[in-house]
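Heads up: the structure comes next, in structure tokens.
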Amino acid sequence: MKNWKFTYGFAEILLGIVLFSGALCGCAKKGTEKKSNAKALNEKELDEKALNAKELNAKDDFPLKIISLSPAATEVLFAIGADAQIAAVSDFSDYPEEAKNKPVIGGFDGKTISIEVLLSFKPDFVYLTGGMHDFLIPTLEKYGIKYFVSSGESVEGVKNEILEVGKITGHFAEAKNVVAEIDEKISQAGNGKFSGKSVYYEVWNAPYMSCGTESFINDVLVLAGVKNIFSDIAEAYPIISEETLIARNPDVILLPQSSGVSIEQVKMRKGWENISAVKNGCVYLVDDNLITRPGPRIGDSVLAISKLCNF
């Protein structure tokens, strides 16, 4: 059986941000370094690289006991029809509803994952997240367990990941359909046609954190046709000053539901009453599991933001 070892670059995010902004994930390939924002493979290249089920069965075995260590990875596996191959998932794997019926191995942050428990499932494939689960790689290699290291830094990177995981698990045709659906929803959102609206996405508020140009969330905002007011900052999830935020005067403010901050609380923040978004009633709570998880629902995420902001 060939070794499905993948490695992509991963922009490390503070664990607290990750826990409150959904659950990140991504992908990779043996012996070569790839970045998640690499140029998307065209259809011909993908078809040439893809192995259909007949070819794979003749040369290799598909994984039958997969452990998914992030909610986004779990969503990918369910979306492409590989859910019957899942042996266990991480905490917060709550979508689709059927994912809640899978055995849970621990927190996807890595700190609560027991290697002994992981091995007890006798997995033949582990779906990791770069930065969080790197410590598992030596053990997986020691026991000859295949793995895929995920990174969710761009929409194109996630689409390529879905296709790669589809090939690995024997569900490439289904993966192509998932990506086609993503593209269709992004097309409905206008394919990034700029609406003129500026947006502040609040990752966290103590201190204030938002998303910079290197973040997955920024990529979603761009495709939704709006301007991230902190897109000039290279850092993925920068700490920003309240004064700068107010001065940049966003037209729309998006708040993750899991942060626990209400729209009324934002309106009561000192100095925020003059921000256009507050004055015009354009402060919204959003499902951060949908918006921030780099998985098969990214098309829904782009479309939702586009409809919300392009009033």
Side-chain angles (χ1 to χ4, degrees), residues 13-24 70-72 75 91-97 100 107-109 152 189 195-212 215-231 233 235-295 297-298 300-311:
I13 306 171
L14 293 174
L15 179 57
I17 299 176
V18 176
L19 288 172
F20 277 105
S21 62
L24 302 185
S70 81
E75 288 196 28
D91 285 339
F92 308 110
S93 291
D94 54 8
Y95 188 91
E97 188 68 23
K100 298 178 182 179
F108 83 99
D109 64 338
S195 70
K197 300 294 189 301
S198 61
V199 175
Y200 164 59
Y201 187 95
E202 185 166 283
V203 173
W204 193 235
N205 56 81
Y208 289 109
M209 295 182 185
S210 191
C211 49
S215 69
F216 173 78
I217 299 174
N218 180 74
D219 210 22
V220 170
L221 293 175
V222 169
L223 288 172
V226 297
K227 178 177 174 56
N228 170 18
I229 65 169
F230 292 110
S231 61
I233 299 178
E235 186 179 352
Y237 296 95
I239 295 174
I240 47 101
S241 72
E242 189 174 27
E243 293 76 16
T244 301
L245 189 162
I246 293 172
R248 295 196 177 191
N249 192 29
D251 297 310
V252 180
I253 294 175
L254 301 179
L255 306 169
Q257 292 174 349
S258 65
S259 70
V261 177
S262 70
I263 294 173
E264 287 304 314
Q265 287 174 317
V266 170
K267 291 180 179 179
M268 293 174 63
R269 289 173 178 172
K270 187 176 180 179
W272 288 51
E273 66 274 6
N274 294 318
I275 295 177
S276 293
V278 176
K279 287 195 297 184
N280 297 322
C282 297
V283 181
Y284 305 108
L285 289 173
V286 295
D287 180 357
D288 37 317
N289 282 343
L290 173 66
I291 303 301
T292 66
R293 283 186 187 174
R297 291 189 289 166
I298 49 179
D300 297 290
S301 174
V302 170
L303 193 55
I305 291 179
S306 176
K307 290 180 177 179
L308 195 63
C309 297
N310 294 335
F311 48 84

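Just so we're clear, the structure is a prediction, and the values are computed from it rather than from any experiment.
- To the nearest 0.5 Å, atom CG of residue D288 and atom OG of residue S258 are 3.5 Å apart.
- Y237 contributes atom OH, which lies 14.5 Å from atom CZ of F230 (distance to the nearest 0.5 angstrom).
- Taken to the nearest 0.5 Å, the CD1 atom of I246 stands 13.0 Å off from the CZ atom of R248.
- Closest approach of P238 to G212, counting heavy atoms only: CD-N, 3.5 Å.
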| task | With side-chain contact (heavy atoms from CB on, under 4.5 Å) as the test, would you mind laying out the steps for V278 and V283 before giving the verdict? | result | CA-CA 6 Å; V278 176; V283 181; 4.1 Å; yes

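- Heavy atoms only, all atoms of each residue included: P294 and A72 are closest at O-CB, 4.0 Å.
- Of all heavy-atom pairs spanning A236 and S215, the tightest one is O-CB, 3.2 Å.
- For the atom pair CG of N289 and CZ of F92, the computed distance is 9.5 Å after rounding to the nearest 0.5 Å.
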Exercise for review: Begin with the C-alpha distance, continue with both residues' side-chain angles, and end with the deciding distance and a verdict on side-chain contact (heavy atoms from CB on, under 4.5 Å) for Y200 and I240.
Suggested key: CA-CA 11 Å; Y200 164 59; I240 47 101; 4.3 Å; yes

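- A189 and S306 make their closest contact through O-OG, 3.4 Å (heavy atoms, listed as atom of the first residue, atom of the second, distance).
- Using a 4.0 Å cut-off between a side-chain N of Lys or Arg and a carboxylate O of Asp or Glu, D94 and R293 qualify as a salt bridge.
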**Q.** Y95/L290 under side-chain contact (heavy atoms from CB on, under 4.5 Å): CA gap, chis, key distance, verdict
**A.** CA-CA 10 Å; Y95 188 91; L290 173 66; over 6 Å; no

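- In this structure, S198 and D251 have side chains that are in contact, with non-hydrogen atoms separated by less than 4.5 Å.
- Remark: side-chain polar atoms of S210 are paired, donor with acceptor, to backbone N or O of Y201 under 3.5 angstrom.
- Side-chain contact between L285 and I263: present, with at least one pair of heavy atoms (C-beta onward) separated by less than 4.5 Å.
- Between W272 and Y208, the angle of the ring planes lies from 30° to 60°, which puts this pair in the tilted group.
- Not counting sequence neighbours, D219 has no partner by the side-chain hydrogen bond (donor to acceptor under 3.5 Å, both in side chains) test.
- The shortest heavy-atom contact between S301 and V220 is OG-CG1, 3.4 Å.
- Atom CD1 of I275 is separated from atom SG of C282 by 12.0 Å, given to the nearest 0.5 angstrom.
- Of all non-hydrogen atoms in E202 and N205, the two that sit nearest each other are OE2-CB, 3.5 Å.
- The CG atom of L308 sits 11.5 Å away from atom NZ of K197, with the distance rounded to the nearest 0.5 Å.
- A heavy-atom distance below 4.5 Å is found between the side chains of C211 and L221.
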